[in-house]
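Worksheet for the structure shown next.
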Amino acid sequence: MRPRGARLLAAVACAAAAARAAAPAAEARVLGELWGGAFYELTEESLDLVLAMPGEALWLVQVHAPWCAKCAAFHPAWSEVAAAAASNSDAAALRFARIDASTSTAVIKRFGVKSFPELLLFNASQATFRRYRGDFTADALRALASDGAGALPEEPIRPASEEFELVQLS
């Protein structure tokens with residue numbers, strides 16, 4: 001018979017191993033639910049979920065509004081470049097996503113969004129993001145996706161609003 005402490009450590013180790021084994025399935029389920037065909041459709045809550053996933057590094061997120069004419073004009077270019085990136089296995093490190101600011105209004109204040117569309121490049125592993133300032137064309141978007149916005153200043157990812165809590169993946 002093992003001492004009580006050894007049994008407890010064994011139980012904790014088994015639980016941790018089970019959680020690690022279940023995490024990829026839970027991540028795949030979450031990502032599958034958010035997939036819109038060429039890019040992910042996020043809310044502030046799901047943004048926090050995907051940024052907390054282990055192994056995910058870069059997310060290019062467009063904050064848009066349905067009433068915004070500039071967003072509507074940019075959407076075909078966004079969809080084209082996102083679809084090309086999604087079909088390119090080398091682009092797996094960069095994922096494209098959109099957040100509708102009219103249904104996730106806290107994201108405006110949290111990330112200092114001043115106009116639409118706003119492109120934010122999140123580096124989840126470093127808890128930072130970069131704000132894109134430039135043309136909203138397919139060529140400019142391809143350049144942004146290929147160089148990773150290296151010349152743009154980094155900002156820390158602000159904590160989630162009090163309205164949402166990070167939900168544990170299970």
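- Checking Tyr40 against Arg95 by side-chain atom types alone, a donor-acceptor pair falls below 3.5 Å.
- In this pair, Phe136 and Tyr132 present their aromatic rings perpendicular. The plane angle is above 60°, beyond the 30 to 60° band.
- Distance check, rounded to the nearest 0.5 Å: CG of Leu42 to OG1 of Thr103 gives 10.5 Å.
- Considering all non-hydrogen atoms of both residues, Ser79 and Ala38 come closest at O-CB, 4.1 Å.
- Residue Arg142 comes nearest to Val81 through the heavy atom pair NH1-CG2, 3.7 Å, listed as atom of the first residue, atom of the second, then distance.
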Arg98 and His75: CA distance, side-chain angles, deciding distance, side-chain contact (heavy atoms from CB on, under 4.5 Å) verdict: CA-CA 10 Å; Arg98 287 186 356 148; His75 186 71; 2.9 Å; yes

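- Taking both residues in full, the closest heavy atoms of Cys71 and Pro117 are given as SG-N, 3.5 Å, listed atom of the first, atom of the second, then distance.
- Atom OG1 of Thr128 and atom CG of Asn123 lie 4.5 Å apart (nearest 0.5 Å).
- Residues Val107 and Thr43 fail the side-chain proximity criterion, which asks for heavy atoms closer than 4.5 Å.
- Residues Phe74 and Thr137 approach most closely at CE1-N, 4.2 Å, considering heavy atoms.
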side-chain contact (heavy atoms from CB on, under 4.5 Å) between Leu141 and Leu60, intermediate numbers included: CA-CA 10 Å; Leu141 187 55; Leu60 184 58; 3.6 Å; yes

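- Under the side chain to side chain donor-acceptor pair (under 3.5 Å) criterion, Glu154 pairs with Arg130, not counting sequence neighbours.
- Between Leu94 and Leu121 the shortest side-chain heavy-atom distance falls below 4.5 Å.
- Ser102 and Asp100 form a side-chain donor-acceptor contact under 3.5 Å, judged by distance and modelled atom types alone.
- The minimum heavy-atom distance linking Pro76 with Ala73 is given by the pair CD-O, 3.4 Å.
- A heavy-atom distance below 4.5 Å is found between the side chains of Phe122 and Val61.
- Within the 4.5 Å cutoff, no side-chain heavy atoms of Phe111 are placed close to those of Glu118.
- Salt-bridge annotation for Glu44 and Lys109: absent, with no side-chain N of the basic residue lying under 4.0 Å from a carboxylate O of the acidic one.
- The closest side-chain heavy-atom distance from Trp78 to Phe96 is below 4.5 Å.
- Counting heavy atoms from C-beta outward, Ile108 and Phe116 have side chains that approach closer than 4.5 Å.
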